[in-house]
Amino acid sequence: MATYETDFSEYTDDVQPSDWTERWHTTAGTATVRAGTAVEHIGAKYLEVALSTDNRYAVSWDDIDADAARDD
């Protein structure tokens, strides 16, 4: 079975990553790379999904979609 991971270090802060695709939403939202600001997260990055209301929003990483062996 394949394992996929990223620490978002290759992404620009405060920008929606170009290789993540919105798949489903019930409201307006954004997926943005953020740099950790709390003491325990300094240097860490993460993908923040922000919604305008309490609804659903999903994105997926295109690297996984492009892997023909992803089901293995």
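The figures that follow rest on heavy atoms only: side chains count, while hydrogens, waters and symmetry mates do not.
- Of all heavy-atom pairs spanning Val33 and Thr12, the tightest one is CB-O, 3.7 Å.
- Side-chain heavy atoms closer than 4.5 Å link hydrophobic residues (I, L, V, M, F, W, Y) into clusters, and following such links, possibly through other members, connects Val49 to Trp61.
- Rounding to the nearest 0.5 Å places CG of Asp63 at 12.0 Å from CD of Glu5.
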(request) Take Asp14 and Arg34 through the test side chain to side chain contact (heavy atoms under 4.5 Å, CB included) and record every step on the way to the result. (result) CA-CA 6 Å; Asp14 303 321; Arg34 300 286 187 211; 2.6 Å; yes

(request) Take Thr6 and Leu47, measure what side chain to side chain contact (heavy atoms under 4.5 Å, CB included) needs, and give me the verdict at the end. (result) CA-CA 10 Å; Thr6 182; Leu47 185 66; over 6 Å; no

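- Applying the side-chain contact (heavy atoms from CB on, under 4.5 Å) test to Asp7 and every residue at least two apart in sequence or in another chain returns Ser9, Glu10.
- Phe8 meets the ring pair (Phe, Tyr, Trp, His ring centres under 6.0 Å) test with Tyr11, Trp20; sequence neighbours excluded.
- In plain terms, the two heavy atoms of Ala31 and Pro17 that are nearest each other are O-CD, 3.5 Å.
- Remark: Thr30 pairs with no residue by the side-chain hydrogen bond (donor to acceptor under 3.5 Å, both in side chains) rule, at least two apart or across chains.
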